[in-house]
Every structure is written in structure tokens, then in C-alpha cells.
Amino acid sequence: MEEPILDVLEARFEAAQDKPALITEQETLTYSELRKAVSEWDGLIANAAIQNGDVVVLKGDFGRDGIAALFALLRRQAIVVMLAPASFD
């Protein structure tokens, strides 16, 4: 049986803190840095009162903020619709 992505991510946050987790054209984040970014987005999402089952659209570049927001939304069991930049030009 496959593990849910959030369980895998949380395990990697603990086991591979200094290893690359996200590589973009602009930067490389370690799992520790990604965990911090996810926590920051989790706070913003909590302030917006997003909860289990809410539908949220993420659009734009999926670098640090997009990926961190995605994982934070998934932690809250929100339904995430991702739109690439070309989708709304």
C-alpha cells in the first residue's frame, strides 16, 4: 500500500533536513527550509479560515511559495486546484 504524500513529506522533513527538497531556477531549498515555508503558509491559511473540504485555487509560479502553500493546504485537507501561468494568460 502506498503512503499518503503528506506522511512521506513529514518523514522526509525529519530524516533529511539538510538535503535538497525543492530545486527551482531561482533556488534550492532543503527539507528544513521547505518545512519552515510550509509552516509560514499554514499560519496564513489558518488566518484565512480555510478548512477541510474548502476549495482553493492556486495559480501562478509553483516555486517556493506555491509548493509550500500546496503542502499547507493539503495539511488542512483543502481541495486544491492548481492553474499554471499559461492557464490564465
Side-chain angles (χ1 to χ4, degrees):
M1 182 175 195
E2 294 182 19
E3 292 183 74
I5 186 67
L6 289 178
D7 292 347
V8 172
L9 182 64
E10 293 295 338
R12 293 300 293 173
F13 281 157
E14 292 299 321
Q17 294 181 20
D18 295 326
K19 293 189 177 184
L22 177 65
I23 300 170
T24 70
E25 291 179 9
Q26 292 80 27
E27 64 185 330
T28 298
L29 291 179
T30 64
Y31 279 97
S32 179
E33 292 167 329
L34 181 57
R35 173 186 241 167
K36 181 179 178 192
V38 171
S39 294
E40 290 169 0
W41 272 99
D42 198 42
L44 293 171
I45 291 165
N47 288 340
I50 295 169
Q51 306 174 44
N52 183 333
D54 286 349
V55 177
V56 178
V57 176
L58 288 180
K59 66 178 189 173
D61 169 358
F62 295 111
R64 169 197 287 253
D65 284 333
I67 297 300
L70 171 64
F71 285 132
L73 288 163
L74 292 175
R75 276 183 172 172
R76 295 194 170 271
Q77 298 181 358
I79 299 165
V80 181
V81 177
M82 299 174 70
L83 298 177
S87 300
F88 51 89
D89 282 344

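In this text, all values refer to a predicted model and were calculated from it rather than measured experimentally. Values below: every heavy atom of this structure, side chains too, minus hydrogens, waters and symmetry copies.
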What pairs of residues pass the salt bridge (Lys or Arg N to Asp or Glu O under 4.0 Å) test when at least one of them lies in residues 35-57, not counting sequence neighbours? Glu10-Arg35, Glu14-Arg35, Asp42-Arg76
Just to verify, what does Asn52 make a side chain to side chain donor-acceptor pair (under 3.5 Å) with, not counting sequence neighbours?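 Side chain to side chain donor-acceptor pair (under 3.5 Å) check on Asn52 returns Gln77.
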My understanding is that only residues two or more places apart in sequence, or in another chain, count here; which of them pass side chain to side chain donor-acceptor pair (under 3.5 Å) with Thr30?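 For Thr30, the residues satisfying side chain to side chain donor-acceptor pair (under 3.5 Å) (neighbours in sequence not counted) are Glu33.
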Ile45 side, atom CD1; Gln51 side, atom CD - distance, nearest 0.5 Å: 12.5 Å
To the nearest 0.5 Å, what is the distance between CG (Asp18) and OH (Tyr31)?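 If I round to the nearest 0.5 Å, the distance is 12.5 Å.
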Heavy-atom closest pair, residues Ala78 and Leu74: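 Looks like O-CD2, 4.3 Å.
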Smallest heavy-atom separation, Ala21 atom then Leu34 atom, equals CB-CD2, 3.9 Å
Evaluate the side-chain proximity of Thr24 to Ile67: yes if any heavy-atom separation is below 4.5 Å, no if none is. no
Consider only side-chain heavy atoms of I, L, V, M, F, W and Y, link residues closer than 4.5 Å, and tell whether Ile79 and Leu83 are in one cluster. yes
Grouping I, L, V, M, F, W and Y whenever their side-chain heavy atoms are under 4.5 Å apart, do Val56 and Met82 come out in a common cluster?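 Both belong to a single hydrophobic cluster.
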Test side chain to side chain contact (heavy atoms under 4.5 Å, CB included) on Val38 and Trp41; report intermediate values, then the result. CA-CA 5 Å; Val38 171; Trp41 272 99; 5.8 Å; no
